[in-house]
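Order of the sequence lines fixes the chain letters, A, B, ..., with proteins taken first and strands second; residue numbering starts at 1 for each chain.
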Protein chains: 2
Amino acid sequence: MTTRADRRPTIGETHQSLRERVYVELRERIIEGTFPAGMRLVERELADQLGVSRIPLREAMQRLEQEGFLTVQARRGSVVTDFGAQDATYLFDVRENLEGLAAGLAARHATTAQLRTMERLLARSRKSSDAGRLRQAVAHNADFHQQIVEASGNPLLQELMAPLDARLRRLFRLTSDLNDGDPMCGEHERLYEAIRDRDAARAEELARHHVAGTRDSALRYFSDAATQHSDGG
Amino acid sequence: MTTRADRRPTIGETHQSLRERVYVELRERIIEGTFPAGMRLVERELADQLGVSRIPLREAMQRLEQEGFLTVQARRGSVVTDFGAQDATYLFDVRENLEGLAAGLAARHATTAQLRTMERLLARSRKSSDAGRLRQAVAHNADFHQQIVEASGNPLLQELMAPLDARLRRLFRLTSDLNDGDPMCGEHERLYEAIRDRDAARAEELARHHVAGTRDSALRYFSDAATQHSDGG
DNA sequence: ACAAGCTAACTGGTATACCAAATACCAGGC
DNA sequence: GCCTGGTATTTGGTATACCAGTTAGCTTGT
């Protein structure tokens, strides 16, 4: 169980490879908005700033490119990829299916330990939400989803979902914390019950519906933002 | 002013980067079986053999690792990832969903040009199949699937499917050419008709069913192989 | 003054050499 | 025979240099 609660960029924790740490660091900066869309990243400059050489930096950047966070133009530099309403649509279309698949598989294959973990994360999420700690609630919700994917027992699905989770976090970051915690918790609880009851069809349906709901609220944000922009222009 | 206005697809493929070429080369070797599962890859040795330095080789290997073709153990070297019945199951579970999604989206968004391309590929596949050129038929079938994904209009879906296609090719390679061309063509034709008729639900259903059929025949191969092995041992 | 062409700086791509860390294997001592 | 320690191997990482496009600025000619 990897609760990605505290991922400190401090060099000296466990010794992951430098490439990995640089990757995480840059990814977080993009997700958090420290590196906004369109920002130009210069290899030598960035390597110097991070205190690493160009090789691990390049390897980290290559991975970020593959995962859609960077756009690398050969000999023209790298820029942080834009993320708009259209990209959000693409993301949710895929997530709706993969989350549905994960939930269905989880209903079939989840171990009791995994079910217990889901229950625990759900309780934490509910608690954080009730206490008004939206940020924590969102993190626990993400962990809950991750646990479902893990419980699916399909490692390929986990591989595919991991970068999508990162993109989703970026989207949530862009759309501030508009994430209505309460209805989410309710949906999560029903989803959990379906998985616990081994009702694969219902679990899949609930998961898909849940993602669709998230999509709608995210797209609502974009259409609102567009309206605001057209005023200012 | 210049907010990422330059989204040019003018990335001429005249000269790919060395990293890209090495990546493709190694991937093909793994798919074709020149580098069998379990084979150990030594960086400097391989770099020397390919006539490149370690940097582009490492970047290519990193990508292969992410896409599941290599397993890199920290400071213990890289080995070609194994691909067994279980992995095939994982792959088909995901593909069933993503191909279904792609077909549904393609039914909604395919342009007439894309429909025409599908039709052409289908005709070629049929022709190759009738002429007994199984290898060509399989290639055209793959192109047909790829065209559906492209017609989905979801670039994220394309990104996700590309590495899965490579894995599928590897699987087909392992299972020789057991791919019964004839029934495949029939299913493809019905799938095409559903897309052409803008029947998204039917297209999705047909695509999923088609993948499920492919899975069954692939898994049949594995269980046969297992039986043979248990004889010998 | 303006446009075309050239040049120089910038930046990514690659090569080479080197060091550090970790592992694996072998030899020697108990 | 087993454990320990050293050494070779291999990867991870860095520094440095050079090459090759790309861009932008300058020069030059009309």
Side-chain angles (χ1 to χ4, degrees), chain A residues 9-27 29-30 35 38-81, chain B residues 1-27 29-30 35 38-81:
Chain A
T10 49
I11 299 172
E13 198 181 305
T14 69
H15 43 279
Q16 297 169 304
S17 71
L18 211 49
R19 152 179 56 184
E20 185 73 13
R21 277 179 290 179
V22 170
Y23 159 74
V24 171
E25 174 66 24
L26 293 182
R27 193 191 61 187
R29 288 193 189 184
I30 293 172
F35 286 177
M39 180 175 176
R40 186 178 171 75
L41 300 185
V42 179
E43 283 188 8
R44 284 177 174 82
E45 193 180 306
L46 195 53
D48 198 49
Q49 181 190 325
L50 292 173
V52 300
S53 76
R54 281 176 67 205
I55 283 80
L57 176 67
R58 278 175 59 86
E59 293 177 348
M61 287 175 69
Q62 184 195 353
R63 186 166 165 195
L64 287 169
E65 182 197 9
Q66 280 174 247
E67 294 180 355
F69 291 106
L70 286 183
T71 303
V72 177
Q73 299 159 302
R75 293 183 174 84
R76 290 184 58 187
S78 308
V79 294
V80 177
T81 305
Chain B
M1 312 300 184
T2 56
T3 49
R4 91 260 179 292
D6 41 64
R7 191 153 171 109
R8 303 250 173 203
T10 54
I11 310 168
E13 287 188 339
T14 52
H15 66 286
Q16 297 169 307
S17 68
L18 213 47
R19 153 180 55 186
E20 186 73 12
R21 275 181 291 179
V22 170
Y23 159 74
V24 171
E25 175 66 24
L26 293 183
R27 193 191 61 187
R29 289 194 189 184
I30 293 172
F35 287 177
M39 179 176 177
R40 185 179 171 76
L41 299 185
V42 178
E43 281 189 8
R44 282 176 172 82
E45 188 181 311
L46 197 53
D48 198 48
Q49 182 190 325
L50 293 172
V52 299
S53 76
R54 280 176 63 209
I55 284 85
L57 177 67
R58 278 173 59 90
E59 293 178 348
M61 287 175 70
Q62 183 196 352
R63 187 166 165 195
L64 288 168
E65 183 198 7
Q66 281 174 244
E67 294 180 356
F69 292 105
L70 286 183
T71 303
V72 177
Q73 300 158 303
R75 292 183 176 83
R76 289 187 59 188
S78 308
V79 294
V80 177
T81 306

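- Evaluation of the side chain to side chain donor-acceptor pair (under 3.5 Å) rule for B:Ser53 yields no partner, not counting sequence neighbours.
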**OP:** If a protein heavy atom is under 4.0 Å from the base, mark B; if only from the sugar-phosphate, S; if neither, -; do that for nucleotides 10-19 of chain C going 5' to 3'.
**Re:** -SBBBBB-BB
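- Considering only residues two or more places apart in sequence or on other chains, A:Arg27 meets the side chain to side chain donor-acceptor pair (under 3.5 Å) condition with A:Tyr23.
- Residues meeting the side chain to side chain donor-acceptor pair (under 3.5 Å) test with B:Glu65, sequence neighbours left out: none.
- The side chain to side chain contact (heavy atoms under 4.5 Å, CB included) test applied to A:Leu46 returns A:Leu26, A:Phe35, A:Leu41, A:Gln49, A:Leu50, A:Leu57, not counting sequence neighbours.
- A:Ser78 meets the side chain to side chain donor-acceptor pair (under 3.5 Å) test with no other residue; sequence neighbours excluded.
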